[in-house]
Amino acid sequence: MPVVSSQYWNEVHGSKKEDVEKDDEGLQTMRTLTRNMAYMLKGLSKAEKPKQEAIVHTNFIR
């Protein structure tokens with residue numbers, strides 16, 4: 001499974017909108033995450049989808 005990375009923990013700090021807007025490092029991290037996610041999704045949309053196997057159910061009562 002692809003995992004989108006950023007540059008640090010994906011979070012911003014603040015209890016109010018004004019506090020969050022002052023967290024420059026957190027906002028930069030979220031912008032980086034957004035760009036990386038868009039880049040990955042664009043690439044995946046062009047890739048051929050893998051064929052799915054038939055679903056197998058396990059009966060644990062034997």
Practice prompt. To the nearest 0.5 Å, tell me how far Arg31 CZ sits from Asn36 CG.
Written response: 13.0 Å
Worksheet item: Tyr8: which other cluster members, linking ILVMFWY side chains closer than 4.5 Å, directly or transitively?
Response: Trp9
Discussion item. Connecting only ILVMFWY residues whose side-chain heavy atoms lie within less than 4.5 Å of each other, what is the rest of Met1's hydrophobic cluster?
Written reply: none
Worksheet item: Can you find a heavy atom in the side chain of Glu11 that is under 4.5 Å from one in the side chain of Met30?
Response: no
Worksheet item: Applying the 4.5 Å side-chain criterion to the ILVMFWY set and letting contacts propagate, would Val4 and Leu41 be lumped into a single cluster?
Response: yes
Practice prompt. Please go through Ile55's hydrophobic cluster and name the other residues, only I, L, V, M, F, W, Y counting, with side-chain heavy atoms under 4.5 Å joining them.
Written response: none
Worksheet item: Residues in side chain to side chain contact (heavy atoms under 4.5 Å, CB included) with Asp23, at least two apart?
Response: Val12, His13, Glu25
Less than 3.5 Å apart, which donor and acceptor atoms pair up between the side chains of residues 14-21 and the rest of the protein, not counting sequence neighbours?
| residue | atom | partner | partner atom | Å |
| --- | --- | --- | --- | --- |
| Ser15 | OG | Asp19 | OD2 | 3.4 |

Discussion item. Checking Ser6 now: which residues fulfil side chain to side chain contact (heavy atoms under 4.5 Å, CB included) with it, not counting sequence neighbours?
Written reply: Asn10, Thr29, Thr32, Leu33
